[in-house]
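A short worksheet on the structure shown next.
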Amino acid sequence: MAGNGVFAEILDGEVFKYYADGEWKKSSSGKSVAIINPTTRKTQYKVQACSQEEVNKVMDSAKSAQKLWAKTPLWKRAELLHKAAAILKEHKAPIAESLVKEIAKPAKDAVTEVVRSGDLVSYCAEEGVRILGEGKFLVSDSFPGNERTKYCLTSKIPLGVILAIPPFNYPVNLAVSKIAPALIAGNSIVLKPPTQGAVSALHMVHCFHLAGFPKGLINCVTGKGSEIGDFLTMHPGVNCISFTGGDTGIAISKKAGMIPLQMELGGKDACIVLEDADLDLVAGNIIKGGFSYSGQRCTAVKVVLVMESVADALVEKVKAKVAKLSVGAPENDCDITPVVSESSANFIEGLVKDAKEKGATFCQEYKREGNLIWPLLLDNVKPDMRIAWEEPFGPVLPLIRINSIEEGIHHCNASNFGLQGCVFTKDVNKAIMISDAMETGTVQINSAPARGPDHFPFQGIKDSGIGSQGITNSINMMTKVKTTVINLPSPSYTMG
Ligand code: G3H
C-alpha cells in the first residue's frame, strides 16, 4: 500500500513529506495540499505545501550536490541508475496503486507505467555510458588559411540544476524521462510533480533514495503552483527546464531566463484515412489512439479526417468497438475511467455542447456521472465547432469527412498544434507525401500516434513544444559542448 513498508518514512501522519537534501521533510509552512481522487471526488492524499524559502534551500543543495556528482565516474552514475530502476520495478504495486487513486489510471496501465519507467531508466544509463563517453577531435587545417597547429577536443558537460515538471497523466514515466537523462549526464534534479500524481512521484523518488544517490542530488518539492510555480521556473539557480503539460508551458517559456528549455505542450493529433486503408486496422487504432486512458494523452488521436467514400463504413466499425469499451472504476481496470478533475470534465462537456448546438452527429448518447464521461464519437464535425480544433483531453473524438487529401492536410496544418499525426493507406508513396506535408513532429504510417518506444525522438512543432525528447535527445539536450584547444608551436602533420 502507498506510504507503507519501505515507503513508511515518506509519510507523516496523513501528509506525504517532500524530499530535499537526501531527507524526507515536513514543510515549515504547516500547510498541505489535498489530492482529490477523480473517482470518489474525495480527498485521497495530502502533500506538503512547500514555501519559497524551502525552494531556495533545495536549489542551494542541488547546486552543491551537482558539483560533486559531475566528478563521479560515468560508470558509477550508470550503476546507481540501474539500481534505482530495479528498485522501482520491485515496488511497482504501491506506486501503481497511487496512480489508480490519484489520477484514475486503469490498474493494468498503472503497472505498465512503472515497469516502462524502470526500463527507461536502465536504457538511459546504457545510452549515457555510450554517448557521453565519446567526444570529437578536430584539427585546424581544414579551415582555409590554417596550418595544422590546433587540436580541438570536444566533450559534453552537464548543465547544472535541471528543473523537471511532468504532467498528471504520466507522473512517474514523464518524471523519469527527465530525471534519468539529467542524472546520467551529471546534472542534479529539482522535481515539481503535478499535484495529482504527486504521491506516485514521491514514491518513485524514494526508489532513487533507496538506491543510494548522494544527498541533494535529487529533490522533490510539492505545493501550490500559485505559491511556488513561477518562483521555481524563474529561479536563478535553475539551469534548464524540462516541462510537459498544457499551455502553461508557453507562459513558462516567456518568463524563463536564458536557459535551455525542453517543452512538450500537447497536440491535436490528426488521423488521416484514405480510401484504400484497411478499415479494421484503422478502427482498432482509433479506439486505442483515441480512447486509451480516456483520451488523456498528448498523443491521443484527437481528430479523424476520413475520406467521404469510406466514412460510413469506418464509423460503423468504430461504433461497434466503442460499444465494447468498459466504463467504470480504474480499480476494475475499465477502459474508460473518470477524467482527472471536475473542471476537466466540465471543459469536455463544454466542447460536446458546442458540437451539439452546431449540428454534429452523436454516434452515442452523451453520458456523464461525476468525472466519468462515456466514450463518444462525433460524426460530421465541421470546422466552426470548437472540438475540431481544441484538445478535449477526454474520451470524446471528432470525425470530419473530407473530399481530398489536400483538405485533410490543410486541416491538420491549420492547427496551432503540431505534435504527431497518422495516415492510413496501403499506398506507401501517398503515405510518404502526406507525412512530408504534415506539419507535425512525428507522423505514424498505419498506426496511432505514440511517444514510445522511449528511445525514439519525440518532439512537437508550433504550440506543441520546443526541442526534442526521447532518451538520446534528452541526454544531449541536458549537456553543453565544451572544447579544449591545444595550440602547437609549429604545424604538425601525422604520418602514415
Ligand atoms: O501525454 C503525453 C505523453 O507523452 C504521451 O505518451 O504516447 O506513451 O501515451 P504516450
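Keep in mind that this is a model prediction, so the values were computed, not measured. First listed ligand is number 1; within each ligand, the first listed atom is number 1.
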Original post:
Angle class for the Phe208/Phe213 ring planes (parallel below 30°, perpendicular above 60°, tilted otherwise)?
Top reply: tilted
**OP:** On the 0 to 90° scale, with breaks at 30° and 60°, tag the His203-Phe7 ring pair as parallel, tilted or perpendicular.
**Re:** tilted
Subject >> Proximal protein residues to ligand 1, non-hydrogen atoms under 4.0 angstrom >> reply: Arg116, Asn169, Tyr170, Leu174, Glu264, Arg297, Cys298, Thr299, Ala450, Arg451, Phe458
Original post:
Is it true that Lys302 and Glu390 make a salt bridge, defined as a side-chain N closer than 4.0 Å to a carboxylate O?
Top reply: no
Original post:
Parallel, tilted or perpendicular for Phe168 and Phe393, by the 30°/60° rule?
Top reply: perpendicular
**OP:** Using a strict 4.0 Å threshold on nitrogen-to-oxygen distance, state whether Asp276 and Lys426 make a salt bridge.
**Re:** no
**OP:** Report the relative orientation of the aromatic rings in Phe231 and His235; use parallel for angles under 30°, tilted for 30 to 60°, perpendicular for over 60°.
**Re:** perpendicular
